[in-house]
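Please read these numbers as outputs of a predicted model, since none were measured by experiment. Proteins come first, then strands; the chains are lettered A, B, ... in the order of their sequence lines, and each starts at number 1.
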2 protein chains.
Amino acid sequence: MREALLAAGRATVQAHGYNALSFRNLADEVGIKSASVHYHFPTKGDLAAALARRYTEDGAAYLQQLLATSLDPVWCMARYVEIYREALVNDNRMCLVGMMSAELDDLPTEVRQEVEKFFAMNIAWLVRVLTLARPDADEKALADRALAILAAIEGAQLIARGRQDLAAYDRAIAAYRVAGLMP
Amino acid sequence: MREALLAAGRATVQAHGYNALSFRNLADEVGIKSASVHYHFPTKGDLAAALARRYTEDGAAYLQQLLATSLDPVWCMARYVEIYREALVNDNRMCLVGMMSAELDDLPTEVRQEVEKFFAMNIAWLVRVLTLARPDADEKALADRALAILAAIEGAQLIARGRQDLAAYDRAIAAYRVAGLMP
DNA sequence: ACCTGAACACCGTTCAAGT
DNA sequence: ACCTGAACACCGTTCAAGT
């Protein structure tokens, strides 16, 4: 039941955001009453924090697997931008944490901490990939570049979603490559 | 009164989003009853569409003024990134339309149209600025580059907001320049 | 022209009660 | 251990009524 709630909750947040996440709708989706959802997740903040934590865990596992498959930075980056593209393909959804970033002011502190952890995990992975491309590069410069790449990809996803135009995502990513922002 | 509602509504959406926009809170802020807000804006969608339209109008007027002041692309881009930076400085707020893009699935069609218009207006202005830097460049390449710059800036704002870290915005923008993404 | 109170079906949260 | 119904103060929307 807990897993069913997490699955339904993730889909809802990626499509409609934290504020649109409803205990009543969620309960209907999994076939229990809204008061019962509070048994598994006492507050909406607990649920959202669990969603973000699981999202980061799943993402970290997948990214680790990528680097275990190949140490080619171009290939790894291509797989990385595909992750964010898939969310758009999948019913114009957004990165769960990107969505929560927009709604940050409405999030309890425990959820904000998970938002921070997701970004830190992604940046650490991007630094590893960038290091493969430029092993001699300055550590701080790579960290800034990793942050910029993450921000640029999240932004491309946000704009493509706002315009309901998947091609806009592809064009933005292509322009990033042309400019030399990412491998 | 209409203007007071638009001002209060803009601040709320930039801080909390469309879903958190409440007729009752808005009414309290301007000193009327919630039912009276519906006299000025029949539905929440009408209010949101008016907010986005006004936001685009104000932005267009400011950007036009920039180009009337100087035709230096580096100076114009520096002023442009400052706009998005100011939103963060101002209580960690976000671009009103970037916020709405995240919440797109919850927006009525009339609001989505205004979201589209805002992006089109920004891209058109960026193409003009890029043309000043590279007058001989391919039209389509400039349009893609303009889209990429807009997306990258929106993303930098989103990530900086999510991390509650203004310096992250500055680092991302600096990295965009180092990579050669923007003038 | 502009505002109001009351009603409606929603929301998260709490709690005593069920199995 | 897990679920429920009922209550509370919220939400957008509608409408008849006021000035």
Side-chain angles (χ1 to χ4, degrees), chain A residues 1-54 96 99-100 102-112 114-115, chain B residues 1-54 96 99-100 102-112 114-115:
Chain A
M1 183 50 64
R2 198 186 138 88
E3 290 302 316
L5 289 168
L6 287 173
R10 178 189 290 205
T12 299
V13 173
Q14 287 194 248
H16 300 280
Y18 171 83
N19 284 317
L21 188 62
S22 151
F23 274 50
R24 283 177 172 81
N25 285 346
L26 214 55
D28 282 348
E29 286 186 52
V30 302
I32 57 175
K33 298 296 173 184
S34 77
S36 306
V37 179
H38 290 275
Y39 173 78
H40 300 279
F41 304 99
T43 69
K44 189 167 166 174
D46 292 320
L47 170 58
L51 287 173
R53 198 176 311 119
R54 178 65 66 88
L96 183 131
M99 180 70 87
M100 287 182 171
E103 298 173 297
L104 196 85
D105 284 13
D106 308 319
L107 303 180
T109 51
E110 67 266 26
V111 187
R112 296 186 188 195
E114 297 300 329
V115 167
Chain B
M1 182 51 65
R2 197 186 138 89
E3 289 303 316
L5 288 168
L6 285 173
R10 178 189 291 204
T12 299
V13 173
Q14 287 194 249
H16 300 281
Y18 170 82
N19 283 317
L21 187 63
S22 152
F23 273 50
R24 283 177 171 80
N25 285 346
L26 215 53
D28 281 348
E29 286 186 51
V30 303
I32 58 176
K33 299 297 172 182
S34 77
S36 306
V37 180
H38 289 275
Y39 173 79
H40 299 280
F41 304 99
T43 69
K44 190 167 167 175
D46 292 320
L47 170 58
L51 288 173
R53 198 175 311 121
R54 178 64 65 89
L96 182 130
M99 180 71 87
M100 287 183 171
E103 299 173 296
L104 196 85
D105 284 12
D106 308 318
L107 303 180
T109 51
E110 67 265 26
V111 187
R112 297 186 187 194
E114 297 301 329
V115 166

Q: Using the C1' atoms only, state how far C:dC11 lies from D:dC8, rounded to an integer number of Å.
A: 12 Å
Q | Rounded C1' spacing from C:dA17 to D:dC2 in Å | A | 13 Å
Q | Under-4.0 Å salt bridge between B:E110 and B:R53 | A | no
Whole-Å gap separating [atom2] ([N]) and [atom1] ([X]):
{"X": "A:Y39", "N": "D:dA1", "atom1": "OH", "atom2": "P", "result": "6 Å"}
{"X": "A:I32", "N": "D:dT4", "atom1": "CD1", "atom2": "P", "result": "7 Å"}
{"X": "A:M1", "N": "D:dC3", "atom1": "CE", "atom2": "C1'", "result": "10 Å"}
{"X": "A:D106", "N": "D:dC10", "atom1": "CG", "atom2": "P", "result": "17 Å"}
{"X": "A:H40", "N": "D:dT4", "atom1": "NE2", "atom2": "C1'", "result": "13 Å"}
{"X": "B:L26", "N": "D:dC11", "atom1": "CG", "atom2": "C1'", "result": "13 Å"}
{"X": "B:D28", "N": "C:dC3", "atom1": "CG", "atom2": "P", "result": "14 Å"}
{"X": "A:N25", "N": "C:dC10", "atom1": "CG", "atom2": "C1'", "result": "10 Å"}

Q) Any side-chain N or O of A:S36 less than 4.0 Å from the OP1 or OP2 oxygen of D:dT4? A) yes
(Q) Rounded at 0.5 Å granularity, tell me how far CZ in A:R10 sits from CG in A:L21. (A) 13.5 Å
Q) In Å, rounded to the nearest 0.5 Å, how long is the span from CD1 of A:I32 to CE of A:M1? A) 5.0 Å
Q: Classify every nucleotide of nucleotides 13-19 of chain D by which part a protein heavy atom approaches to under 4.0 Å, writing B for the base, S for the sugar-phosphate alone and - for neither, in 5'-to-3' order.
A: BB-----
**Q.** B:R112: side chain to side chain donor-acceptor pair (under 3.5 Å) partners, not counting sequence neighbours
**A.** none
**Q.** side chain to side chain donor-acceptor pair (under 3.5 Å) partners for B:T43, two or more places apart
**A.** B:D46
Q.
Applying a 4.0 Å non-hydrogen cut-off, can you work out what B:L47 is touching in the nucleic acid: base, sugar-phosphate, or nothing?
A. nothing
Q. What stems involve DNA chain C, if each pair must be Watson-Crick or G-U and both of its distances must be under 3.5 Å, with 3 or more such pairs in a row?
A. C:4-8 with D:12-16, C:12-16 with D:4-8
Q | Close side-chain approach of B:V30 and B:L26, heavy atoms under 4.5 Å | A | no
Q: Hey, could you give me each pair passing salt bridge (Lys or Arg N to Asp or Glu O under 4.0 Å) that has a residue in residues 13-23 of chain A? Not counting sequence neighbours.
A: none
Q: If a pair satisfies side-chain hydrogen bond (donor to acceptor under 3.5 Å, both in side chains) and one of its residues is in residues 17-32 of chain B, list it, with sequence neighbours excluded.
A: B:N19-B:E103, B:N19-B:D106
